[in-house]
Structures are given as C-alpha cells and as structure tokens.
Amino acid sequence: VTRPIFALVAQARRVAAGDKAAMRPIARPVTREIALLSHTLSEMAQTIEHRSAYIRQFAMHVSHEFKTPLTALQGGIELLQEHLDDMPTERRQRFLANMAADTERLKRLVSRLLEQARADTLAADEASADAIAVLGGMTGRYAERGLALRVQATGTPPPAGMAADALEAVLGNLLDNSLQHGASVVDVAIAHDGGQLRLALADNGRGISPANAERVFTPFFTTRRDAGGTGLGLSIVQALLKASGGSIEAQPSRAGATFLVRIPVAAPAKS
C-alpha cells in the first residue's frame, strides 16, 4: 500500500523539477483510490504545464508587440534631442505625430491586454442573458456607425448561460471586427440546438482568406496592424466564451465573414 504512495511522492518531485515525462499516472497504483489520486495529479500537472506554456508564449508576443512602438518612440526622442534646434518645423511635427500615434497604440495594447486578462480568468457563474435583448440594445449604436444588424430568431430562444455584459463584449468585438473590414450589414441568426444557443453572424465585408482562417483566433494576429489593430479582439471573444463553456469558429463563406458562436443554455432558475 505504501509503495505507490512513495511513487507518487517521487513523481511529484520530478514534476516540480520540470520533468515533463513524469506527468503520467503511476504504473501500479494497487488500490482504486490511489489510482484516482495518481490520475488526478497527472491531469493537474498537465494543466499547469499547458498554462505555463501559454503564459510563456503570450509573454513573448506581448514583448514583441511593445518593442516596435517603444523602439520608434525612443528613436524619435533621440532625433528631437539632437536636432530640435535645426530641424524644419514640418519634419518636427511629423516626428511628433508619429510618436503620438505610437503612444496611442501602446494605450490600446494595454487596454486590450487587461480585457484579455479578465477574460482568461473569468469564472463560470449562473448568470444568464437574453441574446435578442442584448442585440436589440446594440442595434442603434451600430447603426450610427454605419453597420446595420438584421436579427432573425427561430422560435423563442432560451437565455444564454453567460452574463449580459460578457455576451455584449463577445458580440461587440465581432461587430467591431466586421466594421473594420468594410461591412455595412451583419445578419445574426439565432437558434436553439439542444442544450446550446447558436448565433451565426454573417457580414458583407472583405471576409477572411483561407490562409488566415486558422490564425484569426491567435493572440496578436492581425491584418490591420498599420491601421492600429491589436489582434486581440477575437482572442478575447474566444476566452469569454470558453469561460462560459461556449465556443466560436470561423466558417467558410462565399462573401464576407461568418462566425458561429455556441453558448450553453442557462440552467433553470432554482425555486
């Protein structure tokens, strides 16, 4: 009985020392309880390793995204320090405008990173939201920005199993994405499929190329970097949905972009 316990202790020490090969259940657990404990510890170790790998990759992307505008700012400051007195006014103003644009990009990155962090750490709760009501509240705001929402529901959809502000953040990021890619209309089809609420959003914008279809949810991937895109919008959407047990995927489309959002239906209210 004690041999598998000592084996678990040795395995835990190897995992703590960074041995990825040790993240497997022990071979001969002897009892069902120790087998369950070993399997649970293995799953926990693998989850921690996957999370650590995500953090390392995310930190690498963040450093890369910050490096470009910071380098440009540093270069601009050095040039102004050295040539401020003899630099033509037009050239000086151009440098200052570029520095202001880089500063705005850094501000957008910080804001988006905070949104990403909140989405990544969001815990599932018992909140619910009426998708039709949320979209109804957004219709006027987006109409003012030149984007028409056409919502069609099959029957009376049940409430989505996520908070209304989280659902609005998901839809808002997707609608902003449509606007940024030249769309003027987004058709939203809502249907109840078993225990899930399905929202299909199809716009008439420039769409997604097949080469980029697999990359659009990768943090910091953007085709609009020159226009100030951060590449975090769809990553935030994916994290918000994952926290509620939902998902999103880009679907093939002849014209424009189409995204399919799945959200678990809210649990019935407890009496």
Side-chain angles (χ1 to χ4, degrees), residues 50-122 141-142 144-147 168-184 203 205-242 248 250 256-257 259:
H50 291 158
R51 190 65 180 172
S52 297
Y54 170 80
I55 292 171
R56 287 194 297 270
Q57 185 180 31
F58 194 77
M60 183 176 65
H61 285 305
V62 169
S63 63
H64 175 75
E65 291 296 318
F66 271 76
K67 185 176 181 179
T68 301
L70 285 173
T71 301
L73 280 169
Q74 184 180 15
I77 290 170
E78 290 174 354
L79 280 170
L80 288 172
Q81 286 175 332
E82 293 175 8
H83 305 288
L84 182 62
D85 294 332
D86 56 359
M87 183 180 290
T89 302
E90 183 181 347
R91 189 180 179 194
R92 182 169 63 247
Q93 291 301 321
R94 186 169 68 251
F95 274 115
L96 290 172
N98 290 338
M99 292 166 66
D102 286 327
T103 302
E104 285 300 317
R105 173 164 175 75
L106 288 171
K107 287 171 62 178
R108 284 195 299 272
L109 276 170
V110 170
S111 177
R112 283 302 209 177
L113 286 170
L114 289 173
E115 290 180 43
Q116 178 80 51
R118 284 194 292 268
D120 280 339
T121 57
L122 192 66
R141 297 202 306 270
Y142 279 91
E144 292 175 358
R145 297 172 60 186
L147 186 68
E168 185 169 341
V170 165
L171 296 171
N173 273 296
L174 291 172
L175 296 175
D176 288 344
N177 202 53
S178 294
L179 265 175
Q180 291 161 6
H181 288 83
S184 59
D203 67 32
R206 290 186 291 274
I208 305 169
S209 69
N212 292 335
E214 297 296 324
R215 306 173 63 193
V216 292
F217 298 107
T218 303
F220 301 107
F221 173 76
T222 178
T223 57
R224 298 183 61 261
R225 197 171 304 281
D226 293 341
T230 62
L232 287 172
L234 291 178
S235 176
I236 291 169
V237 166
Q238 191 175 54
L240 286 168
L241 289 168
K242 184 178 179 181
I248 182 172
F259 290 95

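Note that the structure is predicted; figures quoted are calculated from it, not measured.
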> Taking all non-hydrogen atoms of both residues, which atom of I208 and which atom of A250 are closest, and how far apart?
CD1-CB, 4.4 Å

> Treating H181 as the side-chain partner and N177 as the backbone partner, does any N or O pair qualify as donor plus acceptor under 3.5 Å?
yes

> For residues L174 and I248, determine if any side-chain heavy atom of one lies less than 4.5 Å from a side-chain heavy atom of the other.
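In contact.
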
> Is there side-chain contact between L234 and F259, with heavy atoms separated by less than 4.5 Å?
yes

> Would you compute the distance between atom CG of L80 and atom CD1 of I77 and round it to the nearest 0.5 angstrom?
8.0 Å

> For T103, check side-chain hydrogen bond (donor to acceptor under 3.5 Å, both in side chains) against everything at least two apart and list the hits.
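Listed in chain order: nothing, the list is empty.
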
> If I take atom CG from residue L175 and atom CD from residue Q180, how far apart are they, to the nearest 0.5 angstrom?
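Here the interatomic distance stands at 11.0 Å.
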
> Side chain of D203, backbone of G256: donor and acceptor closer than 3.5 Å?
no

> With a 4.5 Å heavy-atom cut-off, do L106 and L73 have their side chains touching?
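SC-SC contact between L106 and L73 confirmed.
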
> Side-chain donor-acceptor pairs under 3.5 Å in residues 88-99, sequence neighbours left out?
residue: R92; atom: NH1; partner: M87; partner atom: O; Å: 3.2
residue: N98; atom: ND2; partner: R94; partner atom: O; Å: 3.4

> Contact between L241 and Q238 at the side-chain level, heavy atoms closer than 4.5 Å - yes or no?
no

> At their closest point, which heavy atom of L240 faces which heavy atom of A169, and how far apart are they?
CD1-CB, 3.8 Å

